[in-house]
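Before any comments, here is the structure.
Quantities reported herein were computed from a predicted structural model and do not represent experimental measurements. Along the sequence shown, residues carry numbers from 1.
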Amino acid sequence: MTAAIVIQAIRFGFLALLWLFLYFIFRLVKADLSGSKPRSVATAPPRAAARPQPAQTQRPMAPRGSPRQLIVTAGALVGTRINLGTAPILVGRADDSTVVLTDDFASSRHARLTRRSDGEWLVEDLGSTNGTYLDRQRVAAPIHVPVGVPIRIGKTVLELRA
């Protein structure tokens with residue numbers, strides 16, 4: 001009699017663990033498929049106070065001046081230089097893009113760099129699947145690109161240089 005109760009309790013315990021395991025698996029898959037809403041670089045909340053960082057993790061200051069070139073610093077097109085004018089620069093896999101990427105993580109029309117009238121350059125993501133990143137922050141709205149700050153599109157990294 002007691003052995004039957006113990007066996008039944010073990011069965012229910014195993015069934016409960018199985019359901020708990022399935023619950024966590026489905027929750028993980030749902031979070032992975034839905035993703036989290038990307039935080040916009042343009043609307044990032046201001047920091048209360050700048051904390052000093054250790055010297056080895058600080059980025060060197062970006063060079064000053066108006067950017068004259070767009071340089072590919074990583075990826076299949078490393079070393080490619082594009083002289084900047086007033087025309088927008090389209091980046092993607094499409095043949096009519098200014099910078100044609102062969103990166104599987106890039107969309108056909110992935111991002112656009114646009115020059116404003118004051119000489120500043122903006123980068124905007126054009127609804128790409130994998131996103132455009134400006135120095136580790138996902139770009140959700142057009143945002144100013146400082147000179148020397150990396151723009152990552154898939155495995156390709158671009159920088160504006162003076």
Side-chain angles (χ1 to χ4, degrees), residues 23-162:
Y23 168 75
F24 283 114
I25 293 295
F26 283 122
R27 193 170 123 192
L28 180 68
V29 168
K30 180 184 173 196
D32 194 35
L33 289 177
S34 67
S36 61
K37 184 176 179 183
R39 189 174 75 157
S40 169
V41 176
T43 60
R47 296 182 182 186
R51 291 182 290 168
Q53 296 179 345
Q56 66 269 21
T57 61
Q58 284 184 338
R59 287 187 58 91
M61 291 198 52
R64 301 256 178 213
S66 178
R68 294 186 197 130
Q69 290 184 331
L70 178 68
I71 299 177
V72 180
T73 58
L77 300 173
V78 68
T80 302
R81 295 173 180 266
I82 297 171
N83 290 325
L84 299 175
T86 56
I89 297 174
L90 186 62
V91 182
R93 289 186 303 161
D95 291 334
D96 63 341
S97 297
T98 312
V99 180
V100 179
L101 303 177
T102 56
D103 192 340
D104 291 336
F105 297 100
S107 300
S108 40
R109 290 197 182 358
H110 196 99
R112 178 174 42 226
L113 286 151
T114 311
R115 184 173 185 228
R116 290 193 340 191
S117 60
D118 60 358
E120 288 187 352
W121 284 85
L122 302 175
V123 64
E124 70 178 301
D125 186 78
L126 300 176
S128 65
T129 305
N130 294 315
T132 302
Y133 292 84
L134 180 64
D135 196 25
R136 298 185 184 169
Q137 294 287 328
R138 188 167 182 154
V139 175
I143 182 75
H144 167 70
V145 181
V147 173
V149 175
I151 303 165
R152 186 171 52 83
I153 297 172
K155 295 177 183 176
T156 304
V157 178
L158 311 158
E159 287 183 17
L160 293 176
R161 297 273 173 91

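Of all heavy-atom pairs between A141 and V139, the closest is O-CG1, 3.3 Å. Considering all non-hydrogen atoms of both residues, H144 and L134 come closest at O-CD2, 3.5 Å.
Qualifying side chain to side chain donor-acceptor pair (under 3.5 Å) partners for D103, counting only residues two or more places apart in sequence or in other chains: none. In this structure D95 satisfies the salt bridge (charged side-chain N to carboxylate O under 4.0 Å, His left out) test with no other residue, sequence neighbours excluded. The side chain to side chain donor-acceptor pair (under 3.5 Å) test applied to T156 returns no partner, not counting sequence neighbours. With sequence neighbours left out, R136 forms a side-chain contact (heavy atoms from CB on, under 4.5 Å) with no residue at all. Residues meeting the side-chain contact (heavy atoms from CB on, under 4.5 Å) test with R93, sequence neighbours left out: A106. Scored by the side-chain contact (heavy atoms from CB on, under 4.5 Å) test, S97 finds L90, A94, V100 as partners (sequence neighbours excluded). Under the side chain to side chain donor-acceptor pair (under 3.5 Å) criterion, R68 pairs with no residue at all, not counting sequence neighbours. Evaluation of the side chain to side chain donor-acceptor pair (under 3.5 Å) rule for R116 yields D118, E120 as partners, not counting sequence neighbours. When the side-chain contact (heavy atoms from CB on, under 4.5 Å) test is applied to F26, the partners found at least two apart in sequence or on another chain are L22.
Considering only heavy atoms from C-beta on, V99 stays 4.5 Å or farther from T80 through its side chain. Residues W121 and L84 have side chains in contact (heavy-atom distance under 4.5 Å, counting atoms from C-beta outward). The closest side-chain heavy-atom distance from I143 to V123 is below 4.5 Å.
The distance from the CG atom of L122 to the CG atom of L113 is 8.5 Å, given to the nearest 0.5 Å. Interatomic distance, L70 CG to T98 OG1, rounded to the nearest 0.5 Å: 9.5 Å. Distance CZ/R138 to CG/N130: 7.5 Å, rounded to 0.5 Å.
Here salt bridge (charged side-chain N to carboxylate O under 4.0 Å, His left out) pairs that include residues 73-91, with residues two or more places apart or in two chains, number zero. Sequence neighbours left out, the pairs with a member in residues 122-131 that pass salt bridge (charged side-chain N to carboxylate O under 4.0 Å, His left out) are R112-E124.
Of the charged side-chain nitrogens involved, at least one lies within less than 4.0 Å of a carboxylate oxygen, so that D96 and R109 count as a salt-bridged pair.
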Side-chain atoms of residues 145-154: list all donor-acceptor pairs with protein atoms under 3.5 Å, sequence neighbours left out, distances to 0.1 Å.
none

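No side-chain donor-acceptor contact under 3.5 Å links H110 to the backbone of G127.
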